[in-house]
Amino acid sequence: MEDIILRVVGEAGEGVISLGEIIARACARLSYHVLTYRTYPAEIRGGPTMFQVRISPDPVLSQGDGVDILLALNPASLESDGAELRTGGVFLYDAPDANVSQEIKDGARIIHYPLPLTEIATKELNYYLGKNMVALGIMTALFGFPYNLIIELVYQRYPKAEKNLQALEAGFQYGKLHLEKRDQFLLKGRGSKEDRLILTGNEAIALAALAGGCRFFAGYPITPATEIMEWLAQKLPPFGGIVLQMEDELAALAAVLGASFAGKKAMTATSGPGLSLMSELLGLASMAELPVVVVDVQRAGPSTGIPTKTEQSDLNLACLGSHGEAPRIVLAPSTVEECLYYTIQAFNLADIYQTAVILLTDQFLGQRLETIPKPELLSIPRHDRLKYLANGEAKFLRYRLTPTGISPVAFPGEAGGMHVITGLEHNPAGAPDYSPETHQAMMAKRFKKLEPLPQTIEARKAFGDQEAELGIIGWGSSQGAVQEAISQARQAGYRVAALYLKLLYPLPIEQIREFIRSVKKILILEGNYTGQLARFIRSELLINPIQLNICAGRPFSPREVYSKIEDEIMSLHQHM
Amino acid sequence: MTKRSILEYRGEVSPVWCSFCGDYAVLNSLYQVFQRKKLAPEEIVLVSGIGCSSRLPHFVNAYGFHGVHGRTLPTAMGIKLANPQLTVIAVAGDGDGFGIGLGHFIHTARKNPDLKYLVMDNSLYAQTKGQVSPTTCPHRVTPSTPYGVMEEPINPIALAILSGATFVARAYSGKPELLTELLLQAIDHPGFAFIQIISPCVTFNPTDTYRSLTQKSYLVSDYPLEDRVKALELAQAEDRMALGLFYRVRRPTIEEAVREIVEAAQREGPAELAGLVEEFNV
């Protein structure tokens, strides 16, 4: 078995995601690597839902292209999803929906399994909602999943619904007794046992926040970020921390800034609409030099946009949102594993540089399950704020001008450290001061303290060939698709490299410059309409890159990246 | 406890208010209350938003958070929850507290954090030179309502009581002894203590003068302070200048609720990170 893409489609409410997650977890337990991808409507009931698991003995980098095993619980998207089936693929569908077009039937040698899902669920069990579990039972028999493992995972997901186990059993029996296996797919498991975790980007951020010292979270529910708040609400109290759901995002960030002022490591998590509301308070965090971590799990915008679909369109807002010029730090992990690392890093950097750190992920990364090596979370060093020691040497000045621009802090309750922080321009003591000299000096302080940042953290990751013909620059969750496309391109004899930026503000200009110098042509790839990173790079480095933008509510696929690479290298050759 | 001098609480920044601004009385009462309660300056945090009255934290030798317009209460609650030992006092004006930040007033009241919330109410936006505010009376002409105010003012006392505030009072800068007395009681009250302080603007509000306000003011009569119906009845008196404590009840604070949750969660000792990681094992 090499690399299988299994997709479940149906309507919201039919249990597509539950079914898909159980399969993903089963495969992870069987020592496969998995990466999931889901799209679903913003409505609770109705509308097309898709859950896909990519399963491989090797680490999975992206959602991939095409489908090997397709289960349709519902006829709605039979045609479009059916068309993506690869040669030798398997198509399982509810028997009444069997009016699949002749084109799909004949097109690419596909193995069909019309199944009596609704019939078993309704007639045998009188439990229509159990259709997904009937399908799971049948797939368990067909693909050789250990039945006990599936029972355990179903029970974990539905501890109280005995009916689901009955539906599973009915499906399993049907599969064993009535289904003749005509395909080649078997998922019995790999012998090897490695220490691995399976979790989503949102879960990774929540876990790492806790590991990074976060003990105060205030938030407001928003798709697709809510899981971070919900997980922490459960897990922070045993660690002495707390989660508060506030009346809006303004109150959420205000409470977090209050807790930060009082000495806590504090965080909020939101999506684009919430970040828009938080902009004014982000400016305060920058101005008053308050550490805070703000997660933005991006979704398609503008305005309410498409709440459940992925996009990378909040970069401008994250880097520049808020009036005036308010420097902050913006980080963008690309994988679930990087979500862990950069979240801990975010808490460290917030405290070291005393400013807001925005962690930009997106729906694709935030809600996808990935298997990752077990992390050593505690081995990542933790940093706290530089504290003022009341040793009588110098009078405490909260915004003392220092060579690094970083001033020691005191927390309420500490004698000798009394001060007022303010969003007004202020002198080193923190008192309002509008003199030209003060404003100039304090603006410089707030910007200059971030200057060493690109050199002090892992600001980027590079892949591919030295001296490449084409250099791709990207950020965030598209990294896996680009890595796969590059491997394919190298096999085809093209020399391609990629630079994935993890630090988006302040941009690691020198590192980008170095990369640009090492390649012939630059392609900037982003999941937004205008090319927000491209604009920053164009203006900072005076280059004119090619852009590849998609703005369709879905992630990049390796195939489309590869085809762009091919086109661009061809045109380069033609022009030579 | 050591005896403290009132001078200890004077900040290095001098007040920037107009002469005879009602906010001076609030500042002075605060100094006195701090001294009488023997509060250490480092244990006090003053939180404010934007407006004339929101400058107050700068004039006190204590910790202060002079934040964003309207977000005073959630900020103050974040501070209090992060360190419940602190005495956290939120100060605002009627624009900050009843206009841009009104939503937080309701939600903070129902959470009942142990915060003291002083709203210095001059019935207009003074920092921006006299526009209508949420407590301005109908028909009044202001720079932004040259044909007269069109809407009804809000009723902060009634709103506080209905929202779940556990200490609701009205004071007046023209009666500083009563103000100090109410502040002392508010500090002693374990919960969200709201005081609407009628604080005349001598520069932009020619109508609500000390003379007219003093004439309109009277003390609330004695009644059981937990009587919500009576308190609401009084709060709706037409002239709206009854002064004193309207309502006081004891209800668990959000800090107490949080402590309970944390203690219950830690009954078997604090959690370990390694155990959490295990939960994600494949």
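Predicted model, so just to flag it, every value in this text is computed and none were measured. Here is how names work: the chains are called A, B, and so on, in the same order as the sequence lines, proteins then strands, and each is numbered from 1.
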Interface moiety of [X] toward chain A, non-hydrogen atoms closer than 4.5 Å:
X: B:Glu263; result: neither
X: B:Val45; result: side chain
X: B:Arg267; result: neither
X: B:Val68; result: both
X: B:Glu278; result: side chain
X: B:Leu86; result: side chain
X: B:Lys80; result: neither

Which members of residues 422-429 of chain A, sorted by number, sit under 4.5 angstrom from chain B on a heavy-atom basis? A:Thr422, A:Gly423, A:Leu424
Relative to chain B, which segment of [X] carries a heavy atom at a distance below 4.5 Å: side chain, backbone, both, or neither?
X: A:Ala410; value: both
X: A:Leu244; value: side chain
X: A:Ala288; value: neither

Among [options], who wins on heavy-atom pairs under 4.5 Å with chain A?
options: B:Ile254, B:Asn281, B:Ile106; value: B:Asn281
options: B:Ala82, B:Pro74, B:Pro270; value: B:Pro74
options: B:Val13, B:Val282, B:Val47; value: B:Val282
options: B:Ala62, B:Ala76, B:Gly11, B:Gly103; value: B:Ala62
options: B:Thr75, B:Val88, B:Ile44; value: B:Thr75
options: B:His58, B:Glu43, B:Glu12, B:Arg259; value: B:His58

In Å, rounded to the nearest 0.5 Å, how long is the span from [atom1] of [X] to [atom2] of [Y]?
X: B:Phe280; Y: A:Leu369; atom1: CZ; atom2: CG; value: 10.0 Å
X: A:Leu207; Y: B:Glu279; atom1: CG; atom2: CD; value: 9.0 Å
X: A:Asp248; Y: B:Arg71; atom1: CG; atom2: CZ; value: 6.5 Å
X: A:Ile242; Y: B:Ile261; atom1: CD1; atom2: CD1; value: 4.5 Å

Would one find more than 12 heavy atoms of other residues, nucleotides or ligands at under 6.0 Å from atom CD of B:Gln266?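 Yes, enclosed.
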Taking atom NZ as the centre, does B:Lys129 end up with more than 12 heavy-atom neighbours from other residues, nucleotides or ligands that are less than 6.0 angstrom away? no
B:Tyr63/A:Glu414 under side-chain contact (heavy atoms from CB on, under 4.5 Å): CA gap, chis, key distance, verdict: CA-CA 9 Å; B:Tyr63 282 90; A:Glu414 294 174 353; 3.8 Å; yes
Given side-chain contact (heavy atoms from CB on, under 4.5 Å), test B:Asn83 with A:Phe411 step by step and report yes or no. CA-CA 10 Å; B:Asn83 184 353; A:Phe411 297 142; over 6 Å; no
Apply side-chain contact (heavy atoms from CB on, under 4.5 Å) to A:Glu247 and B:Lys111, showing your working. CA-CA 11 Å; A:Glu247 55 269 31; B:Lys111 289 186 172 89; 3.5 Å; yes
